[in-house]
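Every chain is numbered from 1 and lettered A, B, ... according to where its sequence line falls, protein lines coming before strand lines. We use all heavy atoms of the structure for the numbers below, so side chains are in, but hydrogens, waters and symmetry mates are not.
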Amino acid sequence: MKSEIREILNASVKKLYSEEINDFDITRPKFKSHGNWSSNIALILGKELKDQPRKIAKNIVNEFPKKNWLSKIDIAGPGFINFFLTQEAQTEFLKSFLSDDFSFIETKENRKILIEYVSSNPTGPIHVGHGRGAAYGSALAKLLRLTGDKVVEEYYVNDRGLQTDVLALSVFLRYQELFDLRILFPSDCYQGDYIKKCAKSAKKYFGDKFMLKKDLKSQQSSDISLILEEIYKITPDFKELTDFCISYQMEEIKSILLKFKVEHESWVSEKSLYKSSKGSSLFETTLSELKKNNYTYLENDALWFKSSEFGDEKDRVLIRNNQDPTYFASDVAYHKFKFDRDFDQLINIWGADHHGYIARLEGALDALNLNPKKLETLIIQFVSLIKSGENISMSTRKGEFISLEELIKEVGVEAARFFFLARKSDQSLEFDIDLAKREDKNNPVYYIQYAHARISSLQKELLKRKLIIDNENGFKKLSKVLTDLEFEIINEIEQFQDVIQQCKKDLEIHPLCFYLRDLASKFHSYYNANKFIEDEKDLRDAKFILVAAIKKVLIQGLDILSINAPEKM
RNA sequence: CUCUCGGUAGCUCAGCUGGAUAGAGCAUCUGCCUUCUAAGCAGAGGGUCGCAGGUUCGAAUCCUGCCCGGGAGGCCA
């Protein structure tokens with residue numbers, strides 16, 4: 001209906017004024033007295049033509065053909081054109097809505113999209129901040145798939161570099177303790193209990209292979225690089241332990257993510273970027289291209305990238321003076337790898353702490369003649385946890401992170417996902433643990449699920465009473481038996497696809513959360529004010545069509561969020 | 001200092017590609033269960049949209065300046 005109105009308006013404007021405008025709106029007005037659809041076309045045109053909007057509106061309305069779905073057109077306020085549909089027209093779409101799968105929601109584009117998200121370091125457990133990104137990325141992937149895009153969900157594993165060495169060292173030292181060797185544990189090593197767990201697992205796997213025969217000379221210094229140096233010297237197979245630790249941590253992370261209903265299908269190892277196939281590695285090719293394009297220089301034995309030429313505040317190091325590539329250098333190669341795979345759009349979902357990275361990365365892409373516009377980096381702001389009114393969340397300094405696993409244990413997967421998703425992602429989030437645990441209307445997750453459970457229960461009751469809904473009859477009677485509230489609900493249902501399209505356009509999920517809550521609310525009102533298992537067949541058939549449509553939206557909406565729609569609560 | 005996100009009801013937040021009378025939830029107050037789930041519903045009160053200018057028919061929304069708060073600014077990742 002909306003698109004038909006748009007076409008007619010476009011045509012009449014062309015005819016009347018030989019103008020073409022695209023940026024006018026056709027929206028659902030806030031107030032019922034403003035009709036079912038409303039357009040600001042005359043206001044926009046008024047500006048363009050420097051003429052009175054109301055006058056223009058009048059001309060357009062006079063030009064508007066008679067339609068059987070249209071009951072009235074009004075001009076209101078400064079020049080809005082308001083369309084009032086007939087009752088039949090308002091219920092019309094429900095028919096296709098119920099019979100179709102959600103194919104009507106697909107757009108024609110069918111883009112290939114890569115979403116990289118979570119990508120947390122395998123040096124420790126995944127915490128609530130990552131959890132937010134995880135929920136967001138997975139929901140976005142689902143939403144884009146629903147609208148017809150091909151989506152690959154990817155996790156980038158930082159399996160090389162200093163941090164992984166520190167991980168291995170930490171495990172190595174804890175491992176010695178399992179053989180009753182007391183070795184000083186430097187404060188720069190990872191302190192968490194998960195290191196001990198990993199050490200135990202290493203002992204099971206390697207036996208005493210890495211057991212130290214004598215004390216470390218360097219341990220007095222607490223200098224990690226010195227200790228590592230000595231260990232490398234006396235334990236030639238140390239890399240095996242490093243690899244073990246990384247895959248151990250990755251398995252831990254994967255299993256938590258799976259519990260959280262997050263499943264990446266692609267895992268890219270940072271280390272693999274340095275493995276050469278047919279002569280040179282991806283890293284080498286990337287680097288030599290930067291060099292060739294003359295965007296690098298040597299200074300203090302380090303290789304620098306001229307990122308300041310691309311709007312970054314200063315140049316950045318690619319290769320340190322000890323010849324070790326920086327994380328940034330890897331990341332450039334990784335992003336080149338993303339571009340090489342021929343996606344239409346690349347989406348990065350990063351934590352807010354990576355914010356400063358965007359400029360230099362886009363600069364590097366530019367330098368490689370890759371279009372930075374193809375890449376969209378979304379920033380997920382921090383999560384703070386609130387319990388009994390107190391902030392219990394992490395402080396980066398002290399390393400006090402609340403793990404995602406703990407949070408799930410505390411509030412459950414459903415609530416955790418919803419609370420993460422219900423907030424605009426680039427805004428910091430206060431996660432109220434007490435609220436997430438409540439099982440009443442205060443908790444939007446339960447509220448939405450409850451609406452679904454109530455509908456299911458109604459349908460079960462039908463079966464119990466051996467009543468069968470006649471859909472054909474229901475559709476026929478729909479517009480005749482329904483009241484205002486019911487038309488309002490129908491409007492709400494119809495808006496589902498607008499909400500989805502909006503989310504897709506803005507790469508946002510929270511509008512869907514708000515929408516589902518609103519729809520649930522309308523249903524609860526409806527439920528409370530009505531009897532559904534009516535004695536009168538026509539009324540019953542019609543109402544159950546409406547109820548089935550609500551249910552369908554709730555299921556689909558919750559599915560995007562990966563939240564259950566329980567039959568019974 | 002630079003960059004960035006924010007400041008909307010007592011609280012937590014939507015709305016921001018300019019539109020009609022400012023939107024939810026929570027909290028507060030008043031009602032509703034012998035009917036298919038009260039984990040629910042109905043109603044009420046509650047606002048200088050941080051401040052000051054500007055742009056125009058029209059600004060919470062766009063521009064400029066300022067005030068306040070979160071975050072980020074390594075040859076760590």
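- Note on K505(A): a base of the nucleic acid sits closer than 4.0 angstrom, heavy atoms only.
- Judged purely by atom type and a 3.5 angstrom limit, Q191(A) uses its side chain to pair as donor or acceptor with the backbone of S187(A).
- Counting heavy-atom neighbours within 6.0 Å of K55(A) NZ, excluding the residue itself, gives a total of 12 or less.
- For I468(A), the CD1 atom counts as loosely surrounded, since its 6.0 Å shell holds 12 or fewer non-hydrogen atoms of other residues, nucleotides or ligands.
- Where stacking is scored as ring centres under 5.5 Å apart with planes under 30°, F80(A) registers as stacked on the base of A20(B).
- Crowding of Q52(A) atom CD: a count of heavy atoms from other residues, nucleotides or ligands under 6.0 Å not exceeding 12.
- Using a 4.0 Å heavy-atom distance criterion, E567(A) is classed as a base contact.
- Rounded to whole Å, the separation between the C1' atoms of C36(B) and U17(B) comes to 46 Å.
- Using a 4.5 Å heavy-atom cutoff, the side chains of Y155(A) and K254(A) are not in contact.
- The nucleotide G31(B) finds its pairing partner in C41(B), both defining distances of the Watson-Crick or G-U wobble pair being shorter than 3.5 Å.
- One P atom belongs to A14(B), the other to C5(B), and the distance between them is 15 Å to the nearest Å.
- Residue side chain S38(A) reaches the base of A20(B) through a donor-acceptor N/O pair under 3.5 Å, judged by distance alone.
- Rounded to whole Å, the P atom of C29(B) lies 48 Å from the corresponding atom of C3(B).
- Base pairing annotation: C62(B) forms a Watson-Crick or G-U wobble pair with G54(B), both donor-acceptor distances under 3.5 Å.
- You'll find a donor-acceptor pair under 3.5 Å spanning the side chain of K47(A) and the base of G58(B), going by distance alone.
- N443(A) comes within 4.0 angstrom of nothing in the nucleic acid, heavy atoms only.
- Base pairing of U48(B): no nucleotide in any strand meets the Watson-Crick or G-U wobble criterion (both distances under 3.5 Å).
- The aromatic ring of H355(A) does not sit over the base of G73(B), since the test of centres under 5.5 Å and planes under 30° is not met.
- Only the P atoms considered, G43(B) is 40 Å distant from G53(B), to the nearest whole Å.
- OP1 or OP2 of C41(B) has at least one side-chain nitrogen or oxygen of Y447(A) nearer than 4.0 Å.
- Taking atom C1' in both A22(B) and U30(B), the straight-line distance is 25 Å, to the nearest Å.
- For A20(B), its base sits under 3.5 Å from the side chain of N82(A) at one donor and acceptor pair at least.
- Look at A22(B): it lacks any Watson-Crick or wobble partner with both distances under 3.5 angstrom.
- Taking 4.0 angstrom as the limit, R423(A) places a side-chain polar atom (N or O) nearer than this to OP1 or OP2 of A14(B).
- As the counterpart of C3(B), G71(B) is assigned, both hydrogen-bonding distances of the Watson-Crick or G-U wobble pattern falling under 3.5 Å.
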